[in-house]
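None of these values were measured; they are calculated from a predicted model. In each ligand, atom 1 is the first atom listed, and ligand 1 is the first ligand listed.
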Amino acid sequence: MQKTLILLKPDAVQKSLVGEILSRFERKGLKIIGLKMIQLDDAVIGEHYDFLADKPFFPSIVSYMKSSPIVALALEGHEVVKVVRQLCGATNPADALPGTIRGDFAKSIDNNIIHSSDSEETAAKELARFFKAGELHSYERTLID
Ligand code: GDP
């Protein structure tokens with residue numbers, strides 16, 4: 001089954017949106033296979049956003065991503081990369097549709113609440129970046145239905 005990596009960025013934590021966002025993924029039926037709070041440092045932020053390192057706004061991304069702990073989440077499900085990107089909405093909250101996480105809660109492109117992997121290949125790299133092997137879980141949901 002496909003897996004993806006989600007980061008609930010500092011504004012999600014500071015605005016007390018962690019439960020609301022987790023609930024949206026759970027209501028969609030996606031399976032939580034990893035979850036933890038982390039304080040990011042320059043090294044991991046630099047690695048995660050290396051493709052933006054030459055952008056003028058890169059220093060503001062680093063200071064934003066360090067401004068409080070974040071929540072890292074690993075989800076599993078059918079076409080979960082695409083499903084989660086749809087639930088998150090467009091990168092720029094001004095373009096994000098109402099009903100999406102960014103459309104409902106994000107203020108601006110530099111405070112856009114959430115990250116999710118953009119492909120299965122990226123997801124594999126990003127899951128390895130934020131979770132050690134023993135922190136991702138494989139289990140059956142036997143207590144439902
Ligand atoms: P994503 O996959 O939807 O998060 O979008 P991208 O991979 O294109 O960009 C990564 C992140 O960089 C975005 O989520 C924003 O937090 C940030 N970002 C992108 N473009 C801008 C910009 O023009 N200004 C600022 N301040 N941040 C940006």
Side-chain angles (χ1 to χ4, degrees), residues 1-139 141:
M1 192 67 80
Q2 197 174 75
K3 299 176 176 61
T4 196
L5 181 276
I6 292 130
L7 301 178
L8 307 187
K9 294 179 177 180
D11 45 340
V13 172
Q14 292 181 33
K15 291 174 164 177
S16 301
L17 290 170
V18 173
E20 164 73 33
I21 295 170
L22 290 179
S23 177
R24 288 183 180 214
F25 294 135
E26 288 194 307
R27 285 195 329 242
K28 185 70 178 171
L30 302 173
K31 190 198 275 187
I32 296 175
I33 57 167
L35 181 65
K36 63 178 176 179
M37 183 172 251
I38 330 172
Q39 175 64 53
L40 300 183
D41 61 21
D42 289 337
V44 73
I45 297 167
E47 188 183 321
H48 189 65
Y49 285 126
D50 64 344
F51 62 102
L52 296 174
D54 59 350
K55 300 283 186 198
F57 54 82
F58 184 72
S60 72
I61 292 182
V62 175
S63 85
Y64 162 57
M65 291 300 290
K66 286 201 303 189
S67 62
S68 72
I70 58 106
V71 172
L73 170 65
L75 292 178
E76 188 176 79
H78 179 65
E79 294 209 54
V80 70
V81 169
K82 183 175 172 186
V83 169
V84 168
R85 295 279 294 185
Q86 298 277 14
L87 290 170
C88 289
T91 305
N92 185 346
D95 299 323
L97 295 175
T100 65
I101 292 163
R102 285 167 169 163
D104 288 351
F105 303 119
K107 195 175 73 174
S108 62
I109 196 163
D110 47 342
N111 285 253
N112 67 355
I113 295 276
I114 193 160
H115 163 82
S116 68
S117 306
D118 62 6
S119 70
E120 193 165 10
E121 188 184 30
T122 310
K125 287 185 197 149
E126 294 184 345
L127 286 164
R129 179 172 302 140
F130 291 98
F131 288 95
K132 300 183 188 104
E135 294 174 337
L136 290 179
H137 301 273
S138 176
Y139 61 98
R141 293 189 283 196

Evaluation steps, side chain to side chain contact (heavy atoms under 4.5 Å, CB included), between Met37 and Val71: CA-CA 4 Å; Met37 183 172 251; Val71 172; 4.2 Å; yes
Which protein residues have a heavy atom closer than 4.0 Å to any atom of ligand 1, listed by chain and number? Lys9, Tyr49, Phe51, Leu52, Phe57, Ser60, Ile61, Arg85, Thr91, Arg102, Ile109, Asp110, Asn112
ring-ring contact (aromatic ring centres under 6.0 Å, His included) contacts touching residues 62-109 (sequence neighbours left out):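 Residue pairs with at least one partner in residues 62-109: there are none.
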Taking the cut-offs as 6.0 angstrom to the six-membered ring centre and 45 degrees off its axis, would you call Lys36 and Phe130 a cation-pi pair? no
Rounded to the nearest 0.5 Å, what separates atom CZ in Arg85 from atom NE2 in His115? 7.5 Å
Quick check for you: to the nearest 0.5 Å, what is the distance between Leu75 atom CG and Leu30 atom CG? 5.5 Å
Using a strict cut-off of less than 4.0 Å between a Lys/Arg side-chain nitrogen and an Asp/Glu carboxylate oxygen, indicate whether Asp42 and Lys66 qualify as a salt bridge. yes
